[in-house]
Amino acid sequence: MNYEEAKSKMSALGQEHIFKYYDTLSDTEKAALVKQVEETDFSVLARIDKGADENRGTFSPLAAMQRSEIEAREKELHDAGVKAIKEGKTAAMLLAGGMGTRLGSDDPKGMYNIGITKPVYIFERIITNLLDVVKETDTWIRLFIMTSEKNHDKTVAFLKEKNFFGYREDKVVFFKQDMAPACDFNGKLYMEGKDRISTSPNGNAGWYSSMVRAGLDKILTEEGIEWIDVFAVDNVLQRICDPCFVGATILADVSVGAKVVRKAAPDEKVGVICLEDGRPSIVEYYELSDEMMNAKDDKGEPAYNYGVILNYLFRVKELAAVTDDKMPLHVVKKKIPYIDENAVLVKPSEPNGFKFEQLVLDMIHQLSTCLPYEVIREKEFAPIKNPTGIDSVESARELLKQNGVEL
Ligand code: UTP
């Protein structure tokens with residue numbers, strides 16, 4: 001694409017303002033901007049007025065494997081999981097491409113130090129948890145780490161500096177997720193530099209397609225990996241590839257296992273696992289009708305009672321059928337850095353526009369079967385989204401201390 005073509009593409013979209021500084025740019029910068037115009041998918045911008053496509057189907061309950069069953073079958077589940085891990089059939093996928101804007105640090109979220117008397121980094125907690133399984137099974141688990149172009153270099157440099165917190169470097173593979181353009185509330189693209197349109201990571205569902213684009217599915221085939229435990233960077237208590245969860249999912253012979261926690265209250269603000277038109281799905285808390293909130297299962301317990309915690313074990317052979325264009329696009333209000341009319345970079349303190357994301361939870365609905373697997377909230381769910389308050393550094397520290405982790 002040349003400049004004239006790029007200009008007419010953007011004019012047709014009403015976005016020619018992105019070339020405001022074009023004449024002042026160096027040849028390299030000019031070429032970079034034209035290339036970005038060529039490679040970016042701007043079709044997302046048309047979604048602002050329509051919002052997220054929320055034509056939902058008919059919901060029905062999906063029973064979870066509860067703690068009582070897990071404890072009764074512990075040895076059987078554990079043995080099946082250990083066997084699969086020892087055979088190299090499971091990998092771990094750390095989703096670390098997010099911007100962590102709510103936490104408010106410029107560094108990748110995993111670099112955040114949550115220690116009190118000594119440094120304890122979020123990445124360190126995650127890797128230590130995975131190392132527990134490595135030690136228990138005497139098997140190194142392949143660890144994929146998804147970053148984005150915004151945080152990749154810092155993430156890699158930090159983990160190298162820290163010697164991967166004891167993980168074997170040759171077992172770690174990084175890749176970058178794709179980006180989406182970001183715009184103001186009227187749909188006008190922001191610029192993050194004179195030669196660059198503002199972009200942000202395109203959501204955590206991008207992990208599979210970005211991994212394939214990076215050619216890393218080859219590793220899955222070569223190493224005989226059949227299951228991938230996909231998890232968020234910010235839950236510092238979660239167990240990753242833990243044998244009972246792996247064993248339960250394999251023995252249930254489902255497309256995906258999903259760790260879930262029992263809801264604290266019927267109206268708790270968590271996405272609840274269920275069926276939608278007979279396929280596994282997640283219903284958002286604001287989509288739960290009163291009837292669904294009050295529905296009971298055959299034991300008299302709430303029928304929509306298990307919230308997802310972003311820890312899923314996907315069966316690799318079913319992932320090829322999951323495609324991005326079948327997943328809803330979420331239009332989210334976020335704080336987007338931009339250059340103002342004087343070309344000065346502004347980092348807003350309040351949301352100033354839209355980002356476009358596809359979410360990993362929407363992948364579930366493209367699969368045919370799912371096992372919701374109950375974990376104990378106080379032992380496995382300490383997400384860090386904010387500096388203080390709910391789901392924060394403060395609340396996670398309390399939970400870590402309760403679980404005997406020194407901070
Ligand atoms: P969040 O939904 O909490 O988003 O991500 P975030 O970007 O980290 O934080 P905020 O909303 O800006 O404060 C949940 C998980 O998904 C990953 C995050 O890194 C985190 O592990 N994620 C999110 C990605 O890997 N890519 C994305 O595009 C978005």
Side-chain angles (χ1 to χ4, degrees), residues 41 44 52 92-112 121-123 125-127 129-130 143-152 154-155 158-159 174-182 198-211 213-214 228-238 240 259 269-271 282 284 307-312 324 327-337 347-364 381-393 395-396:
D41 175 8
V44 291
M93 170 71 61
L94 168 56
L95 303 177
M99 299 289 284
T101 47
R102 282 169 287 174
L103 193 55
S105 161
D106 282 341
D107 286 333
K109 213 185 224 185
M111 285 172 64
Y112 203 87
Y121 301 97
I122 291 181
F123 278 137
R125 286 295 332 140
I126 297 285
I127 291 178
N129 290 350
L130 184 57
L143 171 60
F144 295 96
I145 301 182
M146 180 169 85
T147 61
S148 84
E149 66 179 35
K150 304 269 180 193
N151 68 12
H152 182 84
K154 275 190 178 174
T155 301
F158 178 76
L159 286 171
F174 295 94
F175 66 97
K176 292 185 205 169
Q177 71 173 101
D178 296 330
M179 307 296 283
S198 297
T199 58
S200 60
N202 66 349
N204 54 24
W207 72 267
Y208 184 64
S209 51
S210 299
M211 177 190 195
R213 239 188 309 285
I228 307 183
D229 192 346
V230 176
F231 60 98
V233 70
D234 48 29
N235 176 5
V236 285
L237 266 186
Q238 67 192 315
I240 304 144
K259 286 201 176 183
K269 293 183 174 170
V270 289
I282 282 124
E284 291 297 344
V308 285
I309 63 165
L310 216 178
N311 189 318
Y312 302 101
D324 294 353
M327 273 188 270
L329 185 73
H330 298 260
V331 182
V332 217
K333 288 186 182 166
K334 290 266 180 173
K335 297 177 220 168
I336 301 156
K347 289 189 177 174
S349 54
E350 293 301 322
N352 60 331
F354 295 119
K355 273 172 62 167
F356 303 89
E357 296 188 335
Q358 289 188 315
L359 302 181
V360 72
L361 56 85
D362 291 314
M363 294 175 76
I364 306 300
F381 193 42
I384 298 179
K385 303 287 182 193
N386 308 295
T388 56
I390 296 171
D391 294 345
S392 67
V393 177
S395 59

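Whatever order the structure lists ligands and atoms in, that order sets their numbers, starting from 1. Numbering of residues begins at 1 and proceeds along the displayed sequence.
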Out of Ile127, Asn235, Ile126, Leu143, which one pairs with Ile240 under the side-chain contact (heavy atoms from CB on, under 4.5 Å) rule?
-> Ile126

Angle class for the Phe174/His152 ring planes (parallel below 30°, perpendicular above 60°, tilted otherwise)?
-> perpendicular

Selected option - heavy-atom contact closest to atom 11 (O) of ligand 1, from Lys109, Lys334, Glu357, Lys385 = Lys334

State whether the shortest distance between N or O atoms of Leu310 and N or O atoms of ligand 1 falls below 3.5 angstrom.
-> no

Met99 N/O under 3.5 Å from ligand 1 N/O | yes

Met146 N/O under 3.5 Å from ligand 1 N/O | no

Sort out for me which residue in Asn204, Thr147, Asn202 forms a side chain to side chain donor-acceptor pair (under 3.5 Å) with Gln177.
-> Asn202

Given Asn151, Asp391, Asn204, which has its nearest heavy atom closest to atom 16 (O) of ligand 1?
-> Asn204

Please work out whether any backbone atom (N, CA, C, O) or any side-chain heavy atom from C-beta onward of Ala232 is under 4.0 Å from ligand 1, and answer side chain, backbone, both or neither.
-> both

When you look at Val233 and Phe123, which way does the side-chain contact (heavy atoms from CB on, under 4.5 Å) test go after all the steps?
-> CA-CA 7 Å; Val233 70; Phe123 278 137; 3.8 Å; yes

Write out the residue and atom name of the closest protein heavy atom to atom 8 (O) of ligand 1, then the distance separating them to 0.1 Å.
-> Gly100 N, 3.5 Å

Is the closest N or O pair between Gln177 and ligand 1 shorter than 3.5 Å?
-> yes

What protein heavy atom is closest to atom 25 (O) of ligand 1, reported as residue, atom name and distance in Å?
-> Gly97 N, 2.9 Å

Identify which of Pro108, Pro201, Gly98 has a heavy atom lying nearest to atom 24 (C) of ligand 1.
-> Gly98

Is Thr101 in polar range of ligand 1, meaning some N or O pair under 3.5 Å apart?
-> yes

Looking only at distances, please establish whether an N/O atom of ligand 1 is found under 3.5 Å from an N/O atom of Val233.
-> yes

